[in-house]
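Working notes, structure below.
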Amino acid sequence: MSFEWPWQYNFPPFFTLQPNVDTRQKQLAAWCSLALSYCRHHKLYTLDVMEAQESPVFNNKKIERKLSMEAIQVVFEELRKKGNLEWLDKNKSRCLVMWRRPEEWGKLIYQWVSKNGMVNSVFTLYELSNGDDTEGEEFHGLEEWMLLRSLQALQTEGKAEVITIDDGKGVKFF
Amino acid sequence: MDRFSWSNGLLEINETLVIQQRGVRLYDGDDKAKLDVGVVLLSTHRLIWRDVKNHECCIAMPLSQILFFEEQAAGIGKSAKIVIHLHPTLTNKEPGPYQHSKYSFIKLSFKEHGQIEFYRRLTEEMTQKRWENTPVSQPIPTGTGSQAGRTRAVGIVGIERKIEEKRKETDKNISEAFEDLSKLMVKAKEMVELSRSIANKIKDKQGDITEDETIRFKSYLLSMGIANPVTRETHGSGTHYHLQLAKQLGDMLQAPLELLSPEDLVNACKMFESLKLPLRLRVFDSGVMVVQLQSHSEEEMIASALDSVSDKGSLTAEEFAKLLGLSVLLSKERLLLAEKMGHLCRDDSVEGLRFYPNLF
């Protein structure tokens, strides 16, 4: 299924950081939403800032508008504040994009676990993300680091415990 | 001193130099003339004086201007003088160092003596009146130098003459214009009286005049700028309101003239926006003009800006200026205002700055 661009994407002012505060708030909200849904659609978990500027998300060749580097940083900062983005380096050149936050993933995973009556079971991380049983689930194919965070989030809620199994990691659900 | 005219100091044909004396200071009546010490020359026709340092500063007066003259003996620290009493200025006198003088006499102060001989020669010339026998010819500028010393340069004197003529003409025009203005003021007064009487008639005949007629008359009065005197409410608050408004306008416009024509007032009001004053002149379709607060007109401006932008999809400041017939600066201000109020948003790219309706 091809990605559906929101109406703002073809509205030239969308690519200019608005000076009016109220307008800017709405603009940034739309950008965050677009960035996240784009990453979700393409299952992107990390972004390189330099590459991002040329990516279709921030660069609409059809209307010849692109978001400035300054504006991209503003959008990323907004995402970070909302918990959807994490910088991988001090220079802010690469980041993790969590189009679903760890808590949200954890919730999904736990839902699946309890739906299938597998509470109190133990899983390896691999089994969860790549096992046959989880195929078709949204969290199938989830990158390990993201999965780990999600389980850690559940752990905080007392619904799971991350354990070590053999050489790798696993989880027990409560 | 206003009898003197600028001169090039050159003698005319038939004019002969009689005597000259250095170290002479001129006096306008009892006051020292605003000239330095110079050389005084007596010719058969004129009394000439030239600045020693600046030879181009040279003035002359026909001897016929002299009424009579007398000696004034020297005193302690005071040089000997000759006091020369003069006839009134000729109307066709050429411009000189003095436009007017309250005195009708001058003094020659002889700082380096020589007054006795000068006085004697002056007496001779004034007795003989040789200038009457041999009137000097009108100055004819010649191109050749063969009559060197005889031709009179038109140059500066000609220019000064032209300036003087123009000044007189301007004076005349202004006087005539004000004549018309005075007549207009009289007419205006008549009109005001007429409208007042109409208003009173309306008031008196309130019952007899149809509502339609009344409305029409009221609108005539309004278009003449006279507040409707019929309704008590408007009259009461009207005058007070007008008084306040007039005071504000007076402060704002600070007209230096006592008379301010309606045209000037309107033109001044048109400048409110560019002067960043918080008032605006608004013109209705009927032609009636009102001055309203900026905030009121701001709303209108924003609404109209939004209309224009929506209509065209998007506008740059230049395009908007062309649409409104306003300066680019002013139209940009309006767009920025509408943006500030959240009605417009901007598209800033290499193509320039464009404004769109705020669809966010």
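Below, chain A is the first sequence line, B the second, and so on; all start at residue 1. In this text, all values refer to a predicted model and were calculated from it rather than measured experimentally.
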**Prompt:** Is it the side chain or the backbone of A:Q27 that comes within 4.5 Å of chain B heavy atoms, both, or neither?
**Reply:** both
**Message:** Does any backbone or side-chain atom of A:F15 lie under 4.5 Å from a heavy atom of chain B? Answer side chain, backbone, both or neither.
**Reply:** neither
**Prompt:** Closest heavy-atom contact between B:R354 and B:S314?
**Reply:** NH1-OG, 2.9 Å
**Asked** Any donor-acceptor pair under 3.5 Å linking the side chain of A:W5 with the backbone of A:L34?
**Response** no
**Request:** State whether B:K332 and B:E339 are salt-bridged, where the test is any N-O pair (Lys NZ or Arg NE/NH1/NH2 against Asp/Glu carboxylate O) under 4.0 Å.
**Result:** no
**Fill in**
Heaviest contributor of heavy-atom pairs below 4.5 Å to chain B, chosen from A:E64, A:R24, A:R65, is A:R65
**Prompt:** Is B:E164 paired with B:R167 through a side-chain N to carboxylate O contact shorter than 4.0 Å?
**Reply:** yes
**Side chain, backbone, both or neither of B:D348 within contact of chain A (heavy atoms, under 4.5 Å)** = both
